[in-house]
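For reference, the structure discussed in these notes is given below.
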Amino acid sequence: MADGVDESENSGKPTAQVYRLVSAGSGKEPVQKFLRRQGIDAPENVVRGNAFEPEDEYQDLYLGAQRDQGILEPPYSLRTLDRLSQENNALSPCIEAMVTNIDGTGYDFTSEDEEVEDAADDKNIEQLRDFFDEPWPGESFVTIRQKLRRDLERTGNAYLEVLRNAQDEVVFIRPVDAKMMRLVKLDDAIPVEKIIRRRGKEVKITVMERQRRYCQLVNGVSLVYFKDFGVERDLHKTTAVWAPKGMRLPAKDRATEIIHFRCLPDAHTPYGVPRWISQLPSVLGSRKAEEFNMEFFDNGGVPPVLILLQGGMLQTETRKALEEKVGLGTAASKNRVQILEVEPTGGSMDNPTQARVTVERFGGERTNDSMFEKYDDKCEQRVRRAFRLPPIFVGKADDYSFATAYVSYNVAEAQIFKPERDEFDEVITMKLLAAMGYREYKLASKPLTIEDTQLKLQGIELAISTNRVEMEDILYEINEACGTNIKVSEEVPEATMTVDLNGNVVPLAQGNKGGQAPGDTESTPTEPTTPSKAQKIHKGATQGVLALAQDTLIALRERNFTDLSRNVQLIATLDDHGRKEFQKACATLQFVDPSHDHEGLGELMGCTIAVMQGDYHHGHHHAH
C-alpha cells in the first residue's frame, strides 16, 4: 500500500490534488504538517475548504489512488444507483414487486433425514425456527431478507453480516447498507482445507484459495474491515492484518464475516450490477421527460396569444387596464396573453416610424397534454422487461381477467421468483446452516400460490371419498382453504333418527329401539308422536338415505348453503346404523365399492359440508 505520492509530480503544484489531500486529513494535525507528511510542499496560506463535498468518500483510498488501500472501485456510483431507484417512476414499482414476491412469502426448514417423519417433532428444526424468528434483536428473517433484496435490486450488491460469540457460535445476522461497503483486492493464495461429500462420505481436500476482505469507512476517517464468510483465519478489524494460521486474536479485535450477494456479475470487477443497468438510458430518459414537463408547466407553456407592439410603447393607462383584464405580469398570465414591446430603430423627426400592433395566435402549437407520454410508456416497458415482470405486478390490471392473471402469476413464479428464492436458499443452506451445525437441513422458501377455494374443496371431497385420510388432516386443509378454524368437537349428539329396512330416514323410536339395526331385534310399535325437529327439517326433502346423500353432494357442489345447513343438521341426528348407511350411500355416489366398511366417511363428509355453511365457523354447528 502506498501512503505517499510522487514528489516530482506534485512539486510546486499545490492545486486540486493538494486540496483533496487536505480535505482527506484527519483534522487532528496542522495542514502544513499533514502536507509535509504526504511529501507535498504547499504555501503557508493554503486555503482549506470546510464544506463536505457530495462525492465518493472512498475516492482517495481506491486501488491506484493517492492513499491506496487496495480497495476496489465499483463500476457505478452506488449512491447514484440508489437515488435513481427512488426517483424513477417505473423502477421503484418493479423493485418492490421483486421484494414482495421473492422474499415476502415466508420460509421453513426441511430435513434430509428420512427417519424424521414429522418436522413438528424435529428438535433441530425447532431450534432453527427459534433462531430465524429473531436473528437480530427486533428484526425477523423476513424483514432482513427484504432489506437484502432491496439493496440487491437497487445497487446490484447486498451484504449480510454474520456475528459470532467468543466460542465461534453464530449468534446474530444482520444486513449491511450496500452503499457503505467496498471490496478489497484478493490476497495471495494459501492452502485451505475444505470438507465435501464424495461417494457418500465426507472427505477433506486441500485447495489453494485467495481470500477476500471487505471494508467500511466510518465517519470518513477510519476503516473497519471484514472477512469473507467461512474463512478460518482471524482478521484484525482495524489493521486488516491476517493472523497466522492457528493463532486466535482477542474477540474484541476479530473482524466479523460477510456474505456477499450479487444480482448480476460485472464484466470488469467482482462487484454486482443491478439487472436494470442495461436500461440505464431509459431510466434517465424517463426522468428527464417528466422534469421537462414540470418545467413546461412551471414556465407557463406556450401562450395562446402574443401581442406585438412595434414602434411604440404601451401607455400607463393601457397597461393597467390589461393587467386588470388578463392579469398581465402575474404567474397565471404566462399561459394567457403575452405582450412584446419593440422600440423603433428607424425614422426621423420629419418622418417618424408609425406604431403598429400585431396579434399572433398560437392555439395550434399549444400542447393539450403532457409531452413524451409515448416515450415514457416505452421507457417503462423497457425497464419492466429488464425484470421480466408481467404488467399486473406493477399495478396494470385493467386488461386482466382471472384466467390471464392466473397465468401471469404462474409464469412469473416459475421464471423469476422461484429461481431467485432457490438461489438465496442455496447460499443460506450451504454456508450459514452448515456453519451453524445443521448440515442435514435446508432452508425452503414458500412459493407464491393463487389458491382456488372451489378447486381445493373438490380435492378434499375426493380425499374424503377414499377413506384413507385422518380427520385432523382433512380439517387442517379445510381451514387453510376457507380461512376457518374448525375443530373436532368432544360432544356426541343424541341420536334421534335412523334408517329403516326400506332405506328411509325415520325417527329412532319407529326404526329401531336402543340404536340397533332394523331386523336385529323385533321393534316395538309405538304410538304416533309429534314430529321431531329433525323431521321438520327433513320435511319436503327427498326421502331415503340414498337420496339424502345425493342431495347433500349436489348442494355441496352447487354451494347451496340452505340445503347444506338443513342436511347437516339431519345427518348429525342419525344413529350409528344410520350413519353407516349414509356412508355406503355416499360411497356409492362417489363410485367407491360400497361393500367396504367406510368407517368415518360420513363424519368427514359432514365436516366438509359444514364448512360450506355460512355460520359453521361461528360455533353454531359441530362436526363429529
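- Put simply, NZ on Lys185 and CD1 on Ile71 are 11.0 Å apart, with the number rounded to the nearest 0.5 Å.
- By the 30° and 60° cut-offs, the orientation of the rings of Phe424 relative to Phe141 is tilted.
- Taking CD of Gln59 as the start and CZ of Arg67 as the end, the distance is 10.5 Å to the nearest 0.5 Å.
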**Asked** Can you list the steps and then say if Glu161 with Ile259 is a side-chain contact (heavy atoms from CB on, under 4.5 Å)?
**Response** CA-CA 7 Å; Glu161 184 183 11; Ile259 299 179; over 6 Å; no

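- Looking at Met436 and Phe131, their side chains come closer than 4.5 Å, going by heavy atoms from C-beta outward.
- Rounded to the nearest 0.5 angstrom, Cys215 SG and Phe226 CZ are separated by 8.5 Å.
- Classification of the Tyr375-Phe372 ring pair by plane angle, with boundaries at 30° and 60°, yields perpendicular.
- At least one side-chain heavy atom of Arg382 sits less than 4.5 Å from a side-chain heavy atom of Lys378.
- Residues Arg439 and Leu433 are not in side-chain contact: their nearest non-hydrogen atoms beyond the backbone lie 4.5 Å or more apart.
- Between Phe393 and Tyr409, the two ring planes are tilted [angle within 30° to 60°].
- Under the 4.5 Å side-chain criterion, counting only non-hydrogen atoms from C-beta, Asp253 is not in contact with Thr239.
- In this structure a side-chain-to-backbone donor-acceptor pair under 3.5 Å is missing from Asp234 to Ala243.
- Between the side chains of Asp187 and Trp242, at least one donor N or O lies within less than 3.5 Å of an accepting N or O.
- Glu202 approaches Ile195 most closely through the heavy-atom pair OE1-CG2, 3.9 Å.
- Although no hydrogens or angles enter the test, the distance criterion places no donor-acceptor pair under 3.5 Å between the side chain of Tyr225 and the main chain of His236.
- Salt-bridge annotation for Lys418 and Glu413: absent, with no side-chain N of the basic residue lying under 4.0 Å from a carboxylate O of the acidic one.
- The pair Asp168-Arg254 counts as a salt bridge, with a side-chain nitrogen and a carboxylate oxygen less than 4.0 angstrom apart.
- Rounded to the nearest 0.5 Å, atoms CD1 (Ile392) and OH (Tyr406) are 13.5 Å apart.
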**Request:** Apply side-chain contact (heavy atoms from CB on, under 4.5 Å) to Arg154 and Gln86, showing your working.
**Result:** CA-CA 9 Å; Arg154 286 183 174 182; Gln86 297 178 13; 3.8 Å; yes

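- Ionic pairing of Lys446 and Asp108 is not present here: no N-O contact between side-chain nitrogen and carboxylate oxygen is shorter than 4.0 angstrom.
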**Request:** Take Val192 and Thr206, measure what side-chain contact (heavy atoms from CB on, under 4.5 Å) needs, and give me the verdict at the end.
**Result:** CA-CA 5 Å; Val192 178; Thr206 302; over 6 Å; no

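- In this pair, Trp136 and Phe172 present their aromatic rings perpendicular. The plane angle is above 60°, beyond the 30 to 60° band.
- A donor and an acceptor atom, one from each side chain of Glu73 and Tyr271, are nowhere located under 3.5 Å apart.
- Remark: side-chain polar atoms of Thr105 are not paired, donor with acceptor, to backbone N or O of Leu448 under 3.5 angstrom.
- Summarising the local packing, CG of Asp188 is surrounded by 12 or fewer heavy atoms from other residues, nucleotides or ligands at distances under 6.0 Å.
- Considering only residues two or more places apart in sequence or on other chains, Glu139 meets the salt bridge (charged side-chain N to carboxylate O under 4.0 Å, His left out) condition with Lys147.
- Across Leu160 and Ile428, no two heavy atoms sit closer than the pair CD2-CD1, 4.3 Å.
- Checking side-chain atoms of Ser286 against main-chain N and O of Ser282 turns up no donor-acceptor pair under 3.5 Å.
- Contact between Asp228 and Ile258 at its shortest, heavy atoms only, is OD1-O, 3.2 Å.
- Asn219 pairs by the side-chain contact (heavy atoms from CB on, under 4.5 Å) definition with nothing, not counting sequence neighbours.
- In this structure, Leu81 and Pro274 approach most closely via the heavy-atom pair CD1-CD, 4.1 Å.
- Residues satisfying the side-chain hydrogen bond (donor to acceptor under 3.5 Å, both in side chains) criterion with Glu380, sequence neighbours excluded, are Arg384, Lys396.
- Using a distance-only test at 3.5 Å, with no hydrogens or angles considered, no donor-acceptor pair links the side chain of Arg262 to the main chain of Pro265.
- The main-chain N or O of Ala97 is found under 3.5 Å from a side-chain atom of Asn101 such that the two form a donor-acceptor pair.
- The two residues Arg212 and Pro270 come nearest to each other via the heavy atoms NH2-CB, 3.4 Å.
- In this structure, the side-chain contact (heavy atoms from CB on, under 4.5 Å) partners of Met208, at least two apart in sequence or on a different chain, are Ala189, Pro191.
- Taken to the nearest 0.5 Å, the CD1 atom of Ile125 stands 12.0 Å off from the CG atom of Asp130.
- Listed by first then second residue, pairs satisfying salt bridge (Lys or Arg N to Asp or Glu O under 4.0 Å) with a partner in residues 265-276 read Glu153-Arg275, Arg275-Glu420, not counting sequence neighbours.
- A donor-acceptor contact closer than 3.5 angstrom is absent between the side chains of Ser111 and Asn124.
- Using a 3.5 Å distance cut-off with no hydrogens or angles, the side chains of Tyr62 and Arg182 do pair a donor with an acceptor.
- Tyr438 places no side-chain N or O within donor-acceptor distance of the main-chain N or O of Leu432, the cut-off being under 3.5 Å.
- A donor-acceptor contact under 3.5 angstrom links the side chains of Arg145 and Ser445, judged on distance only.
- With Glu96 as the partner, the side chain to side chain donor-acceptor pair (under 3.5 Å) test is satisfied by one option alone out of Gln146, Arg149, Arg150: Arg150.
- By the side-chain contact (heavy atoms from CB on, under 4.5 Å) test, Ser401 is found to be paired with Ala403, Thr404, residues two or more places apart in sequence or in another chain being considered.
- The distance from the CD1 atom of Ile173 to the OG1 atom of Thr256 is 13.0 Å, given to the nearest 0.5 Å.
- With hydrogens and angles ignored, the 3.5 Å screen pairs a side-chain donor or acceptor of Arg287 with a backbone N or O of Glu87.
- Taking the side chain as every heavy atom from C-beta outward, Asp151 and Pro175 never approach each other to under 4.5 Å.
- Using a 4.0 Å cut-off between a side-chain N of Lys or Arg and a carboxylate O of Asp or Glu, Lys227 and Glu232 do not qualify as a salt bridge.
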**Request:** Please assess Arg129 against Gln127 for the test side-chain contact (heavy atoms from CB on, under 4.5 Å), listing each intermediate value before the final yes or no.
**Result:** CA-CA 5 Å; Arg129 289 172 179 169; Gln127 293 174 4; over 6 Å; no

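- Residues Asp82 and Lys179 are paired through a salt bridge, judged by an N-O separation under 4.0 Å between the basic side chain and the carboxylate.
- Checked for salt-bridge contact, Glu426 and Arg421 miss the test: no charged N lies under 4.0 Å from a carboxylate O.
- Checked by atom type, the side-chain pair Tyr441/Asp122 shows a donor-acceptor distance below 3.5 Å.
- Residues Val203 and Ile196 form a side-chain contact, since some pair of their non-hydrogen atoms from C-beta on lies under 4.5 Å apart.
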**Message:** Using ring pair (Phe, Tyr, Trp, His ring centres under 6.0 Å), reason through Phe132 and Phe109 one step at a time and then give a plain yes or no.
**Reply:** CA-CA 10 Å; Phe132 283 90; Phe109 299 94; 5.2 Å; yes

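- Contact record, Leu72 with Leu63: CD2-CD2, 4.2 Å, taken as the closest heavy-atom pair.
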